[in-house]
Structure formats: structure tokens, C-alpha cells
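For reference, the structure discussed in these notes is given below.
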Number of protein chains: 2
Amino acid sequence: MNNKRSSKTEKVIGHQFTAFYKIPIEKFFQFALSVDCIILGYHENRLKLLLIERGAEPHLGKMALPGDLAYPNEDINLAASRVLLDLTGLTDVAMIQTNTYGQVDRHPIGRVVTVGYYSLINVDQYSPLASSWAGNVLWADIDDLPDLAFDHKSIVGDALRILRERVRSQPIGFELLPKKFTLGDMQSLYEALLNTKFDKANFRKRMLSMGLLKDTKEIQTEVAHRPARLFTFDKVAYENLIQKGFTFEL
Amino acid sequence: MNNKRSSKTEKVIGHQFTAFYKIPIEKFFQFALSVDCIILGYHENRLKLLLIERGAEPHLGKMALPGDLAYPNEDINLAASRVLLDLTGLTDVAMIQTNTYGQVDRHPIGRVVTVGYYSLINVDQYSPLASSWAGNVLWADIDDLPDLAFDHKSIVGDALRILRERVRSQPIGFELLPKKFTLGDMQSLYEALLNTKFDKANFRKRMLSMGLLKDTKEIQTEVAHRPARLFTFDKVAYENLIQKGFTFEL
DNA sequence: ACAAAAGTGTTATCGCTACACCCATGT
DNA sequence: ACATGGGTGTAGCGATAACACTTTTGT
């Protein structure tokens with residue numbers, strides 16, 4: 001399907017009010033849509049945001065969120081996945097909508113409405129050379145971001161607020177961890193995500209009691225302390241618990 | 001500002017990847033944007049959704065969410081407020097974004113991406129004759145909705161999920177109540193919103209202990225039982241508590 | 001007198017916080 | 001031996017769920 005729109009100006013086009021203003025339908029089809037991706041990773045106990053350096057005006061040379069215009073025949077959710085794929089080589093990573101930004105003057109090139117998406121990626125799987133953009137990407141520390149182009153700073157701020165809310169009520173933190181992880185890894189992650197400290201004993205009891213972790217029976221090696229057990233996230237168990245009205249908390 | 005866009009096809013237009021595909025910029029400016037409003041009210045212990053009857057194809061005669069196309073020079077958030085104003089006469093009611101729907105085939109007229117908004121209104125203030133749409137509006141019971149046009153059913157579903165989450169962590173329920181209300185009103189509202197039952201004694205203790213309710217010293221009249229005290233939501237106290245790290249729960 | 005909803009007090013339990021302590025490994 | 005982080009047990013506090021009870025109005 002592609003813009004099989006009527007050219008009759010008076011026709012009510014699927015919305016109630018517009019018809020009365022007698023504005024040609026064509027005038028309404030002048031928007032461009034873009035996606036901007038907040039790609040978060042976790043490395044060395046720090047939460048990181050993937051940025052690219054702009055290679056064009058406006059804001060040439062500034063860092064910006066990876067994003068792109070959506071094609072007229074492209075689902076916007078898929079556009080977001082496409083950007084992630086081009087940039088990181090990753091597929092099968094959920095892109096979650098945050099907000100949509102529709103201020104009139106936000107983009108100098110014209111009326112570009114942008115939809116924000118975040119995703120949590122496991123830095124191990126990240127292959128930074130997947131596209132032609134390898135040269136100018138940066139994992140920036142979330143607490144030490146450079147100046148960003150456009151309204152990207154506020155888009156990031158919104159995404160973080162939303163993410164932090166969501167991380168408390170859904171077990172999405174696991175996306176950031178390697179397949180096998182220790183409870184210590186997990187605690188550090190949550191402390192970085194939520195910017196707090198947890199009591200070790202209580203944190204483990206909470207997590208283990210949920211029944212979402214599967215013990216791999218393996219342990220760490222070559223660490224300068226007692227080796228920790230390695231766990232995986234038990235997705236099947238999670239789905240089952242959800243059925244029974246279970247809700248992840250904190 | 002209005003579509004001062006370049007016509008050079010190779011120019012990088014503010015996004016990174018697009019430039020390489022050598023597609024004329026104009027091709028990207030073919031979207032229309034609409035807003036769809038989930039306007040919720042509370043009446044006779046039931047949660048209600050405001051619907052309009054479509055007066056045009058497609059889906060002529062079906063019920064639908066009130067919505068409209070955004071103008072090329074109109075902020076989308078303001079477009080949502082405009083729809084609410086036209087339909088209900090209400091201003092100063094927050095419209096909160098839910099999701100953005102960008103499937104390619106969702107609208108037969110062309111590529112229309114729609115942004116969902118919900119708002120909670122106090123039915124007392126609602127003046128249904130504010131616009132020319134008086135004839136064909138309907139307050140539908142949220143648990144007994146008719147068939148809806150387009151993908152509006154799923155938009156409503158998403159909005160309700162989001163709302164129910166949010167209602168637990170923010171004192172937005174008050175928007176649905178009259179200025180002065182009893183604790184019983186409030187409890188009934190939350191029970192309708194969340195589809196649960198609360199213990200009366202515990203509910204009141206919880207609410208009163210938060211310090212968000214101001215006792216008006218007035219009481220109900222002409223009720224066939226012991227008259228209840230009337231409260232108002234103390235917005236000032238709420239703002240103060242927020243500063244101190246307070247968070248509303250349940 | 002009775003129905004109906006407002007409004008209050010008490011108890012018993014559960015969950016969690018805080019903290020102390022032991023364990024296994026590398027240097 | 002010691003530093004480092006893994007891993008566990010428990011006492012006490014606080015919140016709250018459950019339930020019984022009293023109060024005030026209209027009919």
C-alpha cells in the first residue's frame with residue numbers, strides 16, 4: 001500500500017472534524033517520521049548509551065542518538081529495528097517505544113515527528129563493525145553525556161525515566177546481562193540502573209525466591225575470591241508465573 | 001516554520017543512514033499524523049469511555065475514538081487538546097500520550113500514523129454540546145464497548161493497561177472525581193479503575209495517612225445513611241511531598 | 001426498627017531491613 | 001595471612017490484612 005489517497009478536498013477522510021475546514025487532504029500528508037533509538041548497554045558496572053557522531057548539517061560533528069527517517073511504506077517499529085541492525089548487527093532485540101515528539105520546530109529540515117525507542121543490549125553480542133558507521137560511534141557513560149543534537153538530550157531523559165519505572169516492574173534487566181551471570185552481576189546492574197544500593201543478603205533472597213533464575217551448576221573461574229554460581233534467566237518459568245498473576249517487583 | 005526542506009536528493013538531512021539510499025527527500029514527507037483520544041469519565045460507579053459515531057467512510061456508522069489529523073503547523077500535543085476541546089468544551093485537562101501506531105496498512109486513506117492520548121475527565125464539567133458533534137457521542141461502559149473502527153479497540157486496550165499501571169503510582173484518579181468527594185467515592189473509583197475490592201478500613205487509613213486529602217469540614221446531605229465527610233485533593237501538599245521523595249503507591 | 005454506608009480499633013501475621021557471620025579463592 | 005566478594009541465618013520492627021464493632025442518617 002502506498003498513498004492511495006483521495007484528492008477530493010471535501011471528503012471526510014476518516015476523521016471527524018477535519019472535513020469542516022475544507023482544507024485539501026494533500027496538505028495533511030506533509031509530515032516525515034523518524035525514529036530515534038536509545039540503545040543502552042552495561043559495561044564495567046556502568047550504564048552506557050550508544051551515540052553516533054553526526055556527519056552532516058545541522059549539528060555536524062555533534063553526537064546524536066542513532067536514528068533515521070522511516071520510509072513511506074515501512075512500519076515505524078520496523079524502522080527502529082532496522083536502525084539497530086544497521087548500527088550494531090543485532091536482530092531479535094526488542095525496541096520499546098517511549099514517547100513521540102511532535103513539536104513544530106524541532107527539526108530544521110521540515111516537519112519531522114520522531115518516535116523514541118529504547119532497547120537494552122548485551123554488549124558481548126555487539127559487533128560494532130556491522131555497518132559503514134563504525135568510525136564514529138561512542139558508548140557514552142549515562143551520567144556523563146556530551147552535548148547532543150536536536151532535542152535528543154530530553155529524549156534520553158524521558159527514556160531513562162520510563163526505563164527506570166519499567167525495570168522495577170518487569171524483569172527486563174536481564175537483557176543487559178550475559179547469558180550466564182552471577183547474583184553479584186545482577187545486583188550491580190540493578191544498582192547502576194536505579195542508582196541505589198541494595199543489601200546483598202536481601203537482594204539475593206528476593207531474586208531467588210521469585211523462581212526466575214535457573215542455577216546452571218557452573219561457577220566462576222579465575223576470580224580472586226570465592227567463585228560465584230552462574231545463573232540464567234528462566235524465561236519459561238517467567239511466562240508460567242505471569243499466567244498465575246505473578247508480577248515482578250523491584 | 002513550514003516545510004522549508006531541501007530538494008537536493010543526496011543531501012544528508014539530519015539522519016545518518018538515509019543519505020546513502022539516494023532517495024529524494026520529498027519521498028519521506030508523505031505521512032499524515034493523527035491523534036486519537038481515549039477520554040475516560042466515571043459515572044455511577046462505572047468507568048466510561050467517550051466515543052463518537054463516524055459520519056463518513058470508511059467505517060461509516062461505526063463508533064470510534066474521537067480524533068483528528070494534525071495540521072502541518074500544529075504541535076501534536078496541542079492537536080490532542082484541540083480534539084478534546086472541540087468535543088467536550090474542556091480545556092486545562094492533561095492529555096497523556098500512550099503509544100504511537102505506525103503500521104503501514106492501518107488506514108485506508110494513506111499513510112496515517114496516529115498517536116494515542118488518554119485523559120481523565122470529571123463528568124460534571126463535561127458540556128456535551130460544545131461542538132457540532134453533539135448528536136452522535138456516546139459514553140460507553142468500559143467493560144461493554146461496541147465494535148470500534150480501525151484499530152481503535154487495540155488502542156483502547158493499550159491505553160487501559162497503561163492507565164492502570166499509572167493510576168497505582170500517581171494520584172491521577174482524582175481527575176475523575178468531583179472537586180469534593182467522600183472516601184467512599186474514592187474507594188469505588190479505584191475499585192472500578194483497577195477492577196478489585198479494597199478493605200474499607202484499610203483503604204481509608206492508607207489514604208488519610210498520605211496527607212494528600214484536605215478535610216473540607218463539610219458533609220454530605222440528603223443521603224439515606226450516615227453522611228460522609230467531604231475531602232478535596234491537596235495539590236500543594238502533594239507537590240511538597242514529591243520534593244521530599246514521596247511516591248504515591250496504590 | 002431497620003437498612004445502609006460512614007467511620008474506628010485491635011490483633012496476628014508476614015515481609016523485610018539490618019546486621020553479623022562464615023566460606024572459598026588468588027596473591 | 002589477608003583481601004575480596006560469595007553466600008547464609010536471624011532478630012526485631014513495621015506495615016497491613018482481616019474482621020469486628022460503633023455511629024449517624026433516611027425511611
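Every value quoted in this text rests on a predicted model; they were computed, and no experiment measured them. Note on naming: letters A, B, ... go to the chains in the order of the sequence lines (proteins, then strands), and numbering restarts at 1 for each one. Just so you know, these numbers use all the heavy atoms, side chains as well, and skip hydrogens, waters and symmetry mates.
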Q.
Under 3.5 Å, is there any donor-acceptor pair linking the side chain of B:Lys200 to the base of C:dA5?
A. no
Interatomic distance, [X] [atom1] vs [N] [atom2] [rounded to whole Å]:
X: B:Met210; N: D:dT16; atom1: CE; atom2: C1'; result: 13 Å
X: B:Met207; N: D:dT16; atom1: CE; atom2: C1'; result: 13 Å
X: A:Phe198; N: D:dG7; atom1: CZ; atom2: P; result: 18 Å
X: B:Arg204; N: D:dA15; atom1: CZ; atom2: C1'; result: 19 Å
X: A:Leu208; N: D:dG9; atom1: CG; atom2: C1'; result: 15 Å
X: A:Met186; N: D:dG5; atom1: CE; atom2: C1'; result: 18 Å
X: B:Lys197; N: D:dT16; atom1: NZ; atom2: C1'; result: 20 Å

Do the side-chain N and O atoms of [X] and [Y] include a donor-acceptor pair separated by under 3.5 angstrom?
X: A:Glu239; Y: A:Gln243; value: no
X: B:Tyr117; Y: B:Asn77; value: yes
X: A:Asp36; Y: A:Tyr101; value: no

Q.
Does anything in residues 212-233 of chain A come within less than 4.0 Å of DNA chain C? Heavy atoms only, and list the residues if so.
A. A:Val223, A:Ala224, A:His225, A:Arg226, A:Pro227
Q. For residues 168-185 of chain A, which residues have at least one heavy atom under 4.0 Å from DNA chain C?
A. none
Q. Quick one: side chain to side chain contact (heavy atoms under 4.5 Å, CB included) partners of A:Ile219, sequence neighbours excluded?
A. A:Pro227, A:Arg229
Q.
Checking B:Arg161 now: which residues fulfil side chain to side chain contact (heavy atoms under 4.5 Å, CB included) with it, not counting sequence neighbours?
A. B:Asp158
**Q.** Residues B:Arg168, B:Glu249: salt bridge by 4.0 Å N-O rule
**A.** no
(Q) Looking at A:Glu218 and A:Lys180, is there a salt bridge between them, counting it only when a charged N and a carboxylate O are closer than 4.0 Å? (A) yes
**Q.** Exam field: side chain B:His152 to backbone B:Leu65, donor-acceptor pair closer than 3.5 Å
**A.** yes
Q: Could you list all the ring-ring contact (aromatic ring centres under 6.0 Å, His included) pairs where at least one residue sits in residues 207-230 of chain B, not counting sequence neighbours?
A: none
Q. Taking the inter-plane angle between the rings of A:Tyr190 and A:Phe248 on a 0 to 90° scale, is it parallel (under 30°), tilted (30 to 60°) or perpendicular (over 60°)?
A. tilted
Q: Quick one: pull up CD1 in B:Ile76 and CD in A:Gln103 and give me the separation to the nearest 0.5 Å.
A: 8.5 Å
What protein N or O atoms touch nucleotides 9-17 of chain C N or O atoms at under 3.5 angstrom, if any, and at what distances?
residue: C:dT10; atom: O4; partner: B:Lys205; partner atom: NZ; Å: 3.1

